[in-house]
Number of protein chains: 2
Amino acid sequence: MFSIGEFSKITGLTVKTLRFYHERAVLIPARIESGSGYRYYDQCNVEQARVIVVLREFGFSLEQIVEILRDCRDETDLVGFLEQRRAALKQAICRDRELVRCIDRIIQQNLEIKQMIQKKTYEVEEKRVPELLVAGIRVTGRYDECGKVFGQLGRKLGRHISGTPLCLIYDDEYREDHADFEPSVPIRKPVQIDGVDIRSLPDQLCLTLVHLGPYTQLGRSYEILIRYAKERGYRLTLPSREVYVKGPGMFFRGNPKNYLTEIQIPFERQSDTI
Amino acid sequence: MFSIGEFSKITGLTVKTLRFYHERAVLIPARIESGSGYRYYDQCNVEQARVIVVLREFGFSLEQIVEILRDCRDETDLVGFLEQRRAALKQAICRDRELVRCIDRIIQQNLEIKQMIQKKTYEVEEKRVPELLVAGIRVTGRYDECGKVFGQLGRKLGRHISGTPLCLIYDDEYREDHADFEPSVPIRKPVQIDGVDIRSLPDQLCLTLVHLGPYTQLGRSYEILIRYAKERGYRLTLPSREVYVKGPGMFFRGNPKNYLTEIQIPFERQSDTI
DNA sequence: GCTTGACTCTCCCCTAGTTGGAGGCCGTAA
DNA sequence: TTACGGCCTCCAACTAGGGGAGAGTCAAGC
């Protein structure tokens, strides 16, 4: 016979926990002194406690443990319970993995933003933009409908999204009302979803400029790019792209003054056409 | 402005939850009618609620969410919190996977038991027992010390264990007191742990018999095996093995009448030696 | 036999994130 | 006027215990 303190040391369960288990009829002491109310545990209780500890590690609730202790005399009786628990664990693993992937994507994006800020080259560059598989929805309307369309894309593609959202611009002039553009997101593998165009953007030579500030001031950066092309006699082609490196994100609207947008306009050099 | 009911439909949070979030200063309504105490929410609250829902999905506590909403204006500010969350999720995934593996082992064992019971061939068989990598502790003493030694093996090898425990018997006669035996467990890969012998049991031709009942009656089954060998002139060799297919398990002591033990004794046929 | 200190008892409150219910106020429609 | 829906506050419950108060009990030392 062990007092509750001794039994606590043997089983690794706290005294509080043992009293609680008694109250819930999970682990009932072998003897209860009628005068003092002291609890005394025996060898059989030690084994019960061992079982309870293991079952709790497996994540069973106390209610289920009571049931198991009542109904199971044998490991075979336990199989049903274990299978149920296994399914729940599998599901939890799945969900957690999905969350980790999601967190990774956000962290990765912010790493890219930091790198872009560190480079501090808010200047025109000529560079090859590699091939990119994207899913997009082409729209004719106002640019501020962009947000809604990205919302749709997010809901429809979910976990297929693999990078920073961008927008293809098909107009060769600025239009307020009937702009022709295609909000898009990079994806890993081609998928078939109705209402969404899947397309592989070709590897292209582009003029690029990282625009810092609100979208309403994108015009200035376009002006810089166009002037740069004109000076060198480059011919710009369509569609151009706006890559929303940093904008209103999944969590916060953020400060538009800190938005980062990389403009990419495909071009051909005079020398290419000679 | 939305009433609490409308806002509940918009955000997918229950009215109860919204009141609770107000109390905890997680999500404070834009206006509170001073007379009636009615809560009214605005567009800004809708965005806050969206953030809160996502953060809760990630598994942040309300306390942390308050902190995040207070300190973060921007997704970059969130990275620290997210990394912390990521680590916790990774750990949870690891633990859950370990549990699933453990459950699988138990289920697998019980499947084997069921198959063995279904076959119902509690008769002597001659069969090749395949090679097996085991970890064991050799002991001289009484058989009932077996349990303690298995306990040691369990603690020392833990997750390396890959199958049903067994015991190698080095005596050619029954001994009560100074028996020479080696409780062992199958393992996946060789590991170095002091006090434990790692050994690969060779592929061998054995006489086998599944014994149903308590260990105290194992003698009967040995008798059957030995008589069988004598009748055919087979020469039995050492060590023999007892595989504890079903015995006192991780959870329950079980009923000894239902214990299943497969006895395996290596042998040579006369014809082999001619 | 008495004191002392360690141990144990019950009872109540606390955690997080809700859910449920009771009882009451407010506004509108029939 | 009454009924109903929506809203309010306050209270209790769930898990699996933890913390502490105040009182009773046990065993050892003197």
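Lettering of chains follows the sequences in order, A, B, ..., and the numbering in each one begins at 1.
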List the steps and the verdict of salt bridge (Lys or Arg N to Asp or Glu O under 4.0 Å) for B:Lys114 and B:Glu112. CA-CA 5 Å; B:Lys114 264 190 201 140; B:Glu112 280 168 20; over 6 Å; no
Nearest whole Å is fine: how far is D:dG6 C1' from B:Glu33 CD? 14 Å
Could you tell me how far apart B:Phe20 (CZ) and C:dT19 (C1') are, to the nearest whole angstrom? 12 Å
Can you check the B:Glu23 CD to D:dC8 P distance for me, whole Å? 13 Å
Please report the distance, rounded to the nearest Å, between CD1 in A:Ile32 and P in D:dT25. 16 Å
Five-pair end axes of the helix from C:dG1-D:dC30 to C:dA30-D:dT1 and the angle they enclose, rounded to 10°: 40°
Sequence neighbours left out, what pairs pass salt bridge (charged side-chain N to carboxylate O under 4.0 Å, His left out) with at least one residue falling in residues 77-97 of chain B? A:Asp104-B:Arg86
For A:Gly35 and A:Thr14, take the nucleotide of DNA chain D holding the closest heavy atom to each; which residue's nucleotide lies nearer the 5' end? A:Thr14
Between C1' on C:dA16 and CD1 on B:Ile65, what's the gap in Å once rounded to a whole number? 12 Å
Would B:Glu242 and B:Tyr244 count as having a side-chain donor-acceptor pair, cut-off 3.5 Å? yes
Indicate whether OP1 or OP2 belonging to C:dG17 is found under 4.0 Å from a side-chain N or O atom of B:Thr17. no
Excluding sequence neighbours, so at least two apart, what forms side chain to side chain donor-acceptor pair (under 3.5 Å) with B:Tyr21? B:Arg56
For a quick test of reading the model: is some side-chain N or O of B:Tyr21 closer than 4.0 Å to OP1 or OP2 of C:dG17? no
Partners meeting ring-ring contact (aromatic ring centres under 6.0 Å, His included) with B:Phe7 (sequence neighbours left out): B:Tyr41
Scan residues 53-64 of chain A against DNA chain C and write down, sorted by residue number, each residue with any heavy atom closer than 4.0 Å; if none is found, say none. none
Parallel under 30°, tilted from 30 to 60°, perpendicular over 60°: which one fits the rings of A:Phe60 and A:Phe58? perpendicular
Between protein and nucleic acid, restricted to nucleotides 7-11 of chain C and to nitrogen or oxygen atoms under 3.5 Å apart, what atom pairs and distances do you find?
| unit_1 | atom_1 | unit_2 | atom_2 | d |
| --- | --- | --- | --- | --- |
| C:dC7 | O2 | A:Tyr38 | OH | 3.4 |
| C:dT8 | OP1 | A:Ser3 | OG | 2.8 |
| C:dT8 | OP1 | A:Gly5 | N | 2.8 |
| C:dC9 | OP1 | A:Arg39 | N | 2.9 |
| C:dC9 | OP1 | A:Arg39 | NH1 | 2.9 |
| C:dC9 | OP2 | A:Arg19 | NH1 | 2.4 |
| C:dC9 | OP2 | A:Arg39 | NH1 | 3.4 |
| C:dC9 | O5' | A:Arg39 | NH1 | 3.3 |
| C:dT10 | OP2 | A:Arg39 | NH1 | 3.3 |
| C:dT10 | OP2 | A:Arg39 | NH2 | 3.0 |

What is the distance, rounded to the nearest whole Å, between atom CG of B:Leu27 and atom C1' of C:dT18? 15 Å
I'd like to know if A:Arg101 and A:Glu98 make a salt bridge, using a cut-off of under 4.0 Å between side-chain N and carboxylate O. yes
Can you confirm if the aromatic rings of A:Tyr215 and A:Tyr259 lie within a centre distance of less than 6.0 Å? yes
Side-chain touch B:Val46/B:Phe2, heavy atoms, less than 4.5 angstrom: yes
Between B:Ser184 and B:Val134, the two heavy atoms sitting closest are CB-CB, 4.1 Å
Check whether the side chains of A:His160 and A:Arg188 place a donor and an acceptor atom closer than 3.5 Å, and report yes or no. no
